[in-house]
Amino acid sequence: MTILQSYREKLARESSAASLFALRPVLHFRSARTECPDCHAPLQVHKTQIKTVQTLHLGGFTAHETLLECGCCHNRTVYPAEELSRLVPSGCTLGYDVLVLVGKALFLRHRRVQDIVEELAGRNVGLSPSEVGYLGKRFVVYLALAHRESAPLLKEAMRAQGGYVLHLDGTCEGGGPMLMSSLDSISEIVLGNVKVPSEKAGQIIPFLQDLKGRYGVPVALVHDMGLGILAAVKEVFEGVPDFICHFHFLRDLGKDLLERDYDAIRRHLRKQGLTERLLYHARRLKTEIDQQPGFIEGFCQSIQADSLPTEQLEAFPRLCAYSLIQWALEGKTQGEGYGFPFDRPHVQFAKRLQLLGQRLEQIKDILLWADPKPLLKLSRELKKVCADEHLQRMLAAIDLKIEVFDRLRGAMHIAEVGGAAGLNSGSNPVAIGPIQKAVEKFRKEIGARPDYQSTSHWKKMIGQIDKYGEKLFADPIVVQTPTGPRTIQPQRTNNLLERFFRDFRRGTRRRSGHNSISRFLQSMIADTPLVRNLNNPHYLKILLHGQATLEERFAQIDIATVRQELRTAQSCPEKVPLPIRQLIAIPAFPEIICRLFKKAA
């Protein structure tokens, strides 16, 4: 098997383009036309030109192109070689197949730039990392232009399904721009994207107007509670059924209800510095435990059997103390993947500290082993938190609010307690009627509380439910299709876009190796999320419009349009010009300006 493998590798090396051609091959290209389409006169040679081209077929080769023209017509049209035009854009040296490979590797396979450079080198195509990054942007521009050209076909396809439900959401990081995307939840096609400085109505309205012009009026909209989106949607799509994402609604309501109390608990725990001290004890105990690794198995067996170990009792307190510290610290990671306010890990951490302190207090007088110090030290560390009446009052206050908030979660069937759907909560279709009745019942119960009139947070909660009540519960919408009426139930969450942005962030981090994607958001082409549509066979068929591959489809797009679009997409009105950046890097820049004014005076 080893010999066979070596022969296969040798055959692959010897049959590669780099081995087959000691010198770069020269290929001749000439237009298939022989006569002028206008006057039918024979075409004559205009000129010949030579350029080096790189494609996946051979790697690098020299293209010798003969350009033809008609000597009789006044317009003097020049006819290039069609076959070469299908391989590589005019004025470029890299083939469409290289462009598509780079684009898919970057945005679908999330490969690192250096990995792509090495992959292309194995196919006799030599590119630098900067060229790979540039090709990735060109790929997005080609895709965006093809997408826009396909807008009438996409509109027709969505009309055949009864229309489209427009989901809107944005993502940003740090102080960079916001990437706003739109998606049809019926076909799950990304319709358009834009980078805006902020989520203000004035920035969003032109984007929505463009979507409306391309795809018509949607049958419904789903988005979060951002004031900018609400105002923009009201102006552009007045009268269209407009719904609030249930997950966003609950999250915002829960933050308003719990955030102040939760932050107070977190600050209180940080001030006491218990986490650092517990970690210190855990590291010290782990060093001692590592010297006797065989004790761990016996300790675990005795705990599982609910009995004291029959031997090695001197190590039992150390192992108990270490494992109890880890149990307490584990409270800081408790949650079901929904994030705050659905998950409250610091509340769980505080409760575990208090419970552990109480239990150790109960057994501290019956520690009969030779070395009970580890447990006694841990008990002393937790004694203060157990006696902390202020912390107990804060936990009691937030527990009251958590109980009410969790009841609303259950009524709305979103991020329910004990669920494991994470941010996918609410994706499964459910009947809206029972949910609406459960929320109305919840509202009445809160309004009937004895402390309702004297408590502002209950009133604020009811105010939020009343304010957005009409936008929470979407009745099924009956639409007309070519095959007859169809009932569409708008999704009650924006989880399609939330998952999309989550995958987008994960892919960007995997490709770049950086946790923050702020720099990528600043430099990326706004329409980069359109690449997601390439995984949709129905969309791809529409986009190709009769062509077999993306390479063939891109070859139909005018290269001059691509270059102009790329310049436009890369320009940023807020980007500081390079010469200015060089000036402001001078520490004494203000003094220079003052000196110039004094000279002019």
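Within 6.0 Å of the NZ atom in Lys459, the count of heavy atoms belonging to other residues, nucleotides or ligands exceeds 12. In the displayed structure, Glu403 atom CD is contacted under 6.0 Å by more than 12 heavy atoms of other residues, nucleotides or ligands. For Gln362, the CD atom is densely surrounded, since the number of other residues' heavy atoms within 6.0 Å is greater than 12. Taking a 6.0 Å sphere around CZ of Arg109, one finds it holds more than 12 heavy atoms contributed by other residues, nucleotides or ligands. The environment of Tyr280 atom OH is sparse: at most 12 non-hydrogen atoms of other residues, nucleotides or ligands sit within 6.0 angstrom. Around NE2 of His545, the count of heavy atoms belonging to other residues, nucleotides or ligands within 6.0 Å does not exceed 12.
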N/O donor-acceptor pairs under 3.5 Å from side chains in residues 213-229, not counting sequence neighbours:
unit_1: Arg214; atom_1: NE; unit_2: Asp210; atom_2: OD1; d: 3.3
unit_1: Arg214; atom_1: NE; unit_2: Asp210; atom_2: OD2; d: 3.0
unit_1: Tyr215; atom_1: OH; unit_2: His147; atom_2: NE2; d: 3.0
unit_1: Tyr215; atom_1: OH; unit_2: Leu191; atom_2: O; d: 3.2
unit_1: His223; atom_1: NE2; unit_2: Asp242; atom_2: OD1; d: 2.5
unit_1: His223; atom_1: NE2; unit_2: Asp242; atom_2: OD2; d: 3.4
unit_1: Asp224; atom_1: OD1; unit_2: Gly226; atom_2: N; d: 3.0

Return a table of donor-acceptor pairs under 3.5 angstrom between the side chains of residues 430-447 and protein atoms on other chains or two or more places apart.
unit_1: Arg443; atom_1: NE; unit_2: Asp466; atom_2: OD1; d: 2.8
unit_1: Arg443; atom_1: NH2; unit_2: Asp466; atom_2: OD2; d: 2.9
unit_1: Glu445; atom_1: OE1; unit_2: Arg407; atom_2: NH2; d: 2.5

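Closest heavy-atom contact between Leu183 and Val190: CD1-CG2, 4.1 Å. Considering every non-hydrogen atom in both Ser181 and Phe500, the closest pair reads OG-CE2, 3.9 Å. Of all heavy-atom pairs between Leu353 and Cys386, the closest is O-SG, 4.3 Å. Taking both residues in full, the closest heavy atoms of Tyr322 and Ile289 are given as CB-CD1, 3.6 Å, listed atom of the first, atom of the second, then distance. Across every non-hydrogen atom of Gln334 and Asp343, the tightest pair is O-CB, 4.3 Å. Smallest separation of non-hydrogen atoms from Leu285 and Ala321: CD1-CB, 3.8 Å.
Electrostatic pairing of Asp252 and Lys255 does not count as a salt bridge here, judged by no charged N lying under 4.0 Å from a carboxylate O. Asp406 has a carboxylate O that lies under 4.0 Å from a charged side-chain N of Arg344, or vice versa, which qualifies the two as a salt bridge.
Using the six-membered ring where Trp is involved, Phe249 and Tyr468 have ring planes that are perpendicular, over 60° apart on the 30 and 60° scheme. Using cut-offs of 30° and 60° for the angle between ring planes, the Tyr338 and Phe342 rings count as perpendicular.
The side-chain heavy atoms of Leu324 and Arg359, taken from C-beta on, include no pair separated by under 4.5 Å.
Of the possible donor and acceptor atoms, one in the side chain of Gln489 sits under 3.5 Å from a partner among the backbone N and O of Ala474. Formation of a donor-acceptor pair under 3.5 Å by the Thr481 side chain with backbone atoms of Gly162 is not found in this model. Counting only distance, with no hydrogens or angles, the side chain of Asp184 and the backbone of Val165 share a donor-acceptor pair below 3.5 Å.
Inspection of the Ser323 and Gln326 side chains reveals no N or O donor paired with an N or O acceptor under 3.5 Å. Looking only at atom types and distance, the side chain of His246 has a donor-acceptor partner in the side chain of Arg492 under 3.5 Å away.
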